[in-house]
Amino acid sequence: MHSSEIVQQQEAVAALEIQNLDVFFGQGQDRLQAVKGVSFSVPKGGSFGLVGESGSGKSTVLRTVSGLISDWKGVINIKGNAIDHRRDKAFYKTIQMVFQDPYASLHPRHTIDRTLSEPLILHGLKDRDARVDQALVDVGLGTSFRFRYPHQLSGGQRQRVAIARSLMLEPEILLLDEPTSALDVSVQAEILNLLADLRERKNLTYLLVTHNLAVVAHMCDDIAVMNRGEIVEVMSVEEMRNAEPEHPYTRELLMASEGYVPE
Amino acid sequence: MNKPLLEVEDLRVRFHSKRKTVEAVRGISFSVGRERIGIVGESGSGKSMTGRAILRLIREPGEVQARKILFDGIDLQSLSEKEMRAIRGHRISLVMQDPKFSLNPVMKVGHQIGEAYRVHNRSSKAEAKKRALEMLEAVQIRNPERVYDSYPHEVSGGMGQRIMIAMMLIPEPDLLIADEPTSALDVTVQMRVLQIMDKLVRDRGMGLIFISHDLNLVSSFCDRVIIMYGGRIVETCKADELQQAKHPYTRGLLAAMPHISSPCERLSVLERDPKWQEEASVDAFI
């Protein structure tokens with residue numbers, strides 16, 4: 001095969017591809033299937049949104065991809081390679097996650113410096129000083145924040161730290177679990193802008209989970225609507241905006257996001 | 001609607017600590033009729049403190065001061081704690097954000113609702129049960145008997161919020177203060193809960209203070225809106241005129257929200273002007 005063909009073929013491989021994913025909780029009689037036959041793929045540099053209400057399984061999909069849930073069946077391909085139930089170090093250099101609540105996801109007794117250095121130590125990376133400083137600059141905080149503790153930061157600043165931490169290992173794919181739902185709208189705008197900038201600058205691929213349709217419409221190219229563990233509809237954001245979505249559940253979500261409708 | 005149910009003038013809430021005093025609410029004046037009034041603002045704007053101050057629910061080291069808090073002709077500041085208890089729940093109710101923390105976890109749902117009725121009305125247990133079941137039905141719970149005998153951990157979040165609302169409405173209050181009553185709920189459930197409250201305002205002539213951070217929701221749900229920033233009211237307007245708001249803070253908030261129908265490359269970021277902190281509070285009378 002010619003070398004340019006190989007390059008082309010590599011580009012065609014999705015950054016993240018999920019086929020027939022089933023996820024279970026509990027054991028024996030109490031075993032519950034939280035995710036049923038979910039399939040979708042995110043191209044490299046793309047941004048894919050998973051929307052749905054609480055209990056729809058959207059966060060479960062994300063947690064399964066990141067390795068936080070181990071009872072699953074199906075295929076998860078990262079850049080064309082199927083991943084195992086056990087994840088190796090290289091996996092975490094490719095994929096990182098940002099959690100919903102910046103008040104809960106940062107260790108309250110570790111300085112920002114320690115929080116950001118930890119992934120570097122675990123992976124034996126050098127130049128820790130320079131990398132931590134650079135990460136703080138990248139997320140718009142500046143180096144003066146380096147030796148502070150989380151309680152000295154606002155919610156928006158904490159979420160910036162959480163984003164900085166997820167970028168320490170220079171991953172290609174970010175899993176974002178409701179990254180702005182704990183924040184005020186004005187702070188949400190700042191964080192969404194930051195995520196958009198970082199995606200462009202570092203050519204990141206995003207998988208975003210949220211219940212806020214306006215946020216997905218702003219951030220993503222394609223979205224999948226989940227309900228009771230299944231994907232009920234996949235469409236591009238354009239389609240959502242223009243044409244009426246087909247599934248009644250999507251329509252209900254869309255209507256509710258426009259504000260209050262009297263009976 | 002024209003005669004105010006609640007009048008508040010120059011309300012201040014302060015918190016004293018050894019080193020400094022924080023003023024959470026800084027001299028706001030407003031009135032509420034038999035209408036739906038929305039108080040919006042970001043975290044720390046003082047909106048929740050306003051709701052709590054009216055019901056005198058702010059404890060030491062907090063301090064509430066006002067020139068006037070008049071509810072239906074009663075001066076709430078002059079009441080004793082015992083007299084105040086007769087107002088709370090019975091005449092003015094408060095629905096809080098999260099049912100997980102507001103319901104008694106070791107008491108059956110039905111008994112909690114019945115208790116709310118029995119505290120304010122002398123009635124038999126059977127009567128209270130009947131009323132509680134009716135109320136559960138009124139907030140559109142499909143299987144009231146089953147829910148009556150459930151504990152709070154056995155019901156979903158949306159159900160829990162409806163139970164809270166049932167509990168707050170059973171003494172038939174004249175004024176309901178709802179502090180982010182639907183923020184913990186999914187959008188579709190949120191819609192149902194709002195419809196229930198909307199119906200009560202229309203059918204029973206109840207007054208509603210709806211505290212929220214969601215501008216979209218408030219502008220579509222309420223009659224009037226009060227916008228708070230830094231413990232003061234920066235602007236007030238009719239809810240359907242919120243899109244034409246003039247204050248740069250309100251405009252900034254509106255612009256910072258992403259919209260499904262009007263996509264943009266970057267969201268505009270709110271530039272906070274320190275001047276806003278110093279401006280006089282706007283009066284929001286009917």
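To find a chain, count down the sequence lines: A is the first, B the second, and so on, and within it residues start at 1. In this text the structure is predicted, and so the values were computed from the model without any measurement.
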Worksheet item: Heavy-atom distance under 4.5 Å between the side chains of Pro263(B) and Arg241(A), does that happen here?
Response: yes
Discussion item. Is any side-chain heavy atom of Pro258(B) closer than 4.5 Å to one of Gln188(A)?
Written reply: yes
Show the atom names and distances, to 0.1 Å, of all donor-acceptor pairs under 3.5 Å that link a side chain in residues 226-234 of chain B to residues at least two apart or in another chain.
unit_1, atom_1, unit_2, atom_2, d
Arg232(B), NH1, Gln277(B), O, 2.4
Arg232(B), NH1, Glu279(B), O, 3.2

Worksheet item: Which atom names give the shortest non-hydrogen contact between Glu42(B) and Ser186(A), and what distance separates them?
Response: OE2-OG, 2.6 Å
Fill in: Sorted by number, residues from residues 198-206 of chain B in contact with chain A (heavy atoms, under 4.5 Å)
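Those residues of residues 198-206 of chain B which have a heavy atom under 4.5 Å from chain A are Asp198(B), Lys199(B).
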Discussion item. If the contact rule is any heavy atom under 4.5 Å from chain A, which residues of residues 240-256 of chain B qualify, in numerical order?
Written reply: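 Residues Leu253(B), Ala256(B) are the ones that qualify, each having a heavy atom under 4.5 Å from chain A.
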Worksheet item: Say you draw a straight line from OG of Ser219(B) to OH of Tyr260(A); how long is it, rounded to the nearest 0.5 Å?
Response: 13.5 Å
Worksheet item: Atom CD in Glu258(A), atom CD1 in Ile260(B): separation rounded to 0.5 Å?
Response: 5.5 Å
Interchain contact, [X] with chain B, by part (heavy-atom threshold 4.5 Å):
X	result
Leu254(A)	side chain
Asn212(A)	neither
His211(A)	neither
Leu192(A)	side chain
Ala189(A)	both
Met255(A)	neither

Worksheet item: Which one of Gln190(B), Arg266(B), His259(B), Met257(B) has the most heavy-atom pairs closer than 4.5 Å to chain A?
Response: Arg266(B)
Discussion item. Regarding Glu252(A) and Arg192(B), does a basic nitrogen lie under 4.0 Å from an acidic carboxylate oxygen?
Written reply: yes
Worksheet entry | chain A contact via Ser261(B) - side chain, backbone, both or neither, heavy atoms under 4.5 Å | backbone
Item to complete: Give, as side chain, backbone, both or neither, the part of Ser156(B) having an atom under 4.5 angstrom from any heavy atom of chain A.
Response: neither
Worksheet entry | Flag if over 12 foreign heavy atoms under 6.0 Å of CZ, Arg109(A) |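 For Arg109(A), atom CZ is not crowded (no more than 12 foreign heavy atoms under 6.0 Å).
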Worksheet item: Is it the case that more than 12 heavy atoms not belonging to Arg251(A) sit under 6.0 Å from its CZ atom?
Response: yes
Discussion item. Among residues at least two apart in sequence or on other chains, which ones pass side chain to side chain contact (heavy atoms under 4.5 Å, CB included) with Tyr149(A)?
Written reply: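 Listed in chain order: Thr111(A), His151(A), Gln152(A).
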Worksheet item: So, the side chain of Asn193(A) versus the backbone of Leu267(B): is there a donor-acceptor pair under 3.5 Å, distance only?
Response: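 It does hold such a pair.
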Worksheet entry | Among the listed options Val187(A), Asn242(A), Asp197(A), the residue most often paired with chain B at heavy-atom distances under 4.5 Å |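 The answer is Asp197(A).
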